[in-house]
Amino acid sequence: LVDFINQKFKSGGMAFREAVVEGSALRLRPILMTALTTIPGMLPLALGLGEGSESLAPLARSVVGGLTVSTFTTLLVIPALYFLMARKKI
């Protein structure tokens with residue numbers, strides 16, 4: 001995401017804020033598609049449905065939780081922090 005924003009800023013000739021907004025908007029769909037296919041796919045395992053899934057349920061819960069938090073962080077926190085930190089340099 002940060003590299004995509006940098007490419008938009010340097011080659012697009014647009015303001016940094018615009019590059020952050022446009023770069024984040026363009027990367028929103030692929031990030032959400034990845035997360036929203038993996039999380040529901042792991043839910044049956046996380047809920048312990050099926051034979052023998054009790055031993056893998058804690059791992060699946062960790063994956064679902066980590067993916068949820070990392071998706072939120074990638075979409076909201078990283079662009080905001082990058083904008084605030086890079087704005088001081090520019």
(message) Minimum heavy-atom separation for Lys8 and Met14, please, with both atom names.
(response) O-CG, 3.8 Å
(request) Rounded to the nearest 0.5 Å, what's the gap from OG1 on Thr34 to CZ on Arg29? Could you check? (result) 11.0 Å
(message) Would a single hydrophobic cluster contain both Leu84 and Phe9, if residues Ile, Leu, Val, Met, Phe, Trp and Tyr are joined by side-chain heavy-atom contacts under 4.5 Å?
(response) yes
(message) Using side chain to side chain contact (heavy atoms under 4.5 Å, CB included), reason through Leu45 and Leu59 one step at a time and then give a plain yes or no.
(response) CA-CA 9 Å; Leu45 189 60; Leu59 176 65; over 6 Å; no
(message) Give me the atom names and distance for the closest heavy-atom approach of Pro40 to Ala35.
(response) CD-O, 4.2 Å
(request) Keeping the roles fixed (side chain from Ser24, backbone from Val21), state whether a donor-acceptor pair exists under 3.5 Å. (result) no
(message) Distance check, rounded to the nearest 0.5 Å: Glu54 atom CD versus Leu49 atom CG?
(response) 9.5 Å
(request) Kindly assign one of parallel, tilted or perpendicular to the pair Phe16 and Phe83, based on the angle between their ring planes and the thresholds 30° and 60°. (result) parallel
(message) Are Ile31 and Ile78 linked, directly or through intermediate hydrophobic residues, by side-chain heavy-atom contacts shorter than 4.5 Å (ILVMFWY only)?
(response) no
(request) Would you give the length of the straight line joining atom CZ of Arg61 to atom CG of Leu56, rounded to the nearest 0.5 angstrom? (result) 11.0 Å
(message) Looking at every non-hydrogen atom in both residues, tell me the closest pair between Pro58 and Ser55 and how far apart they are.
(response) CD-O, 3.8 Å
(message) Using side-chain heavy atoms (C-beta onward) and a distance below 4.5 Å, is Leu67 in contact with Met42?
(response) no
(message) Applying a strict under-4.5 Å side-chain criterion to I, L, V, M, F, W and Y, I'd like to know whether Met85 and Leu1 cluster together.
(response) no
(message) Starting from Leu76, can I reach Leu81 by hopping between I/L/V/M/F/W/Y residues whose side chains sit under 4.5 Å apart?
(response) yes
(request) State whether the number of non-hydrogen atoms from other residues, nucleotides or ligands found under 6.0 Å of Phe4 atom CZ is greater than 12. (result) yes
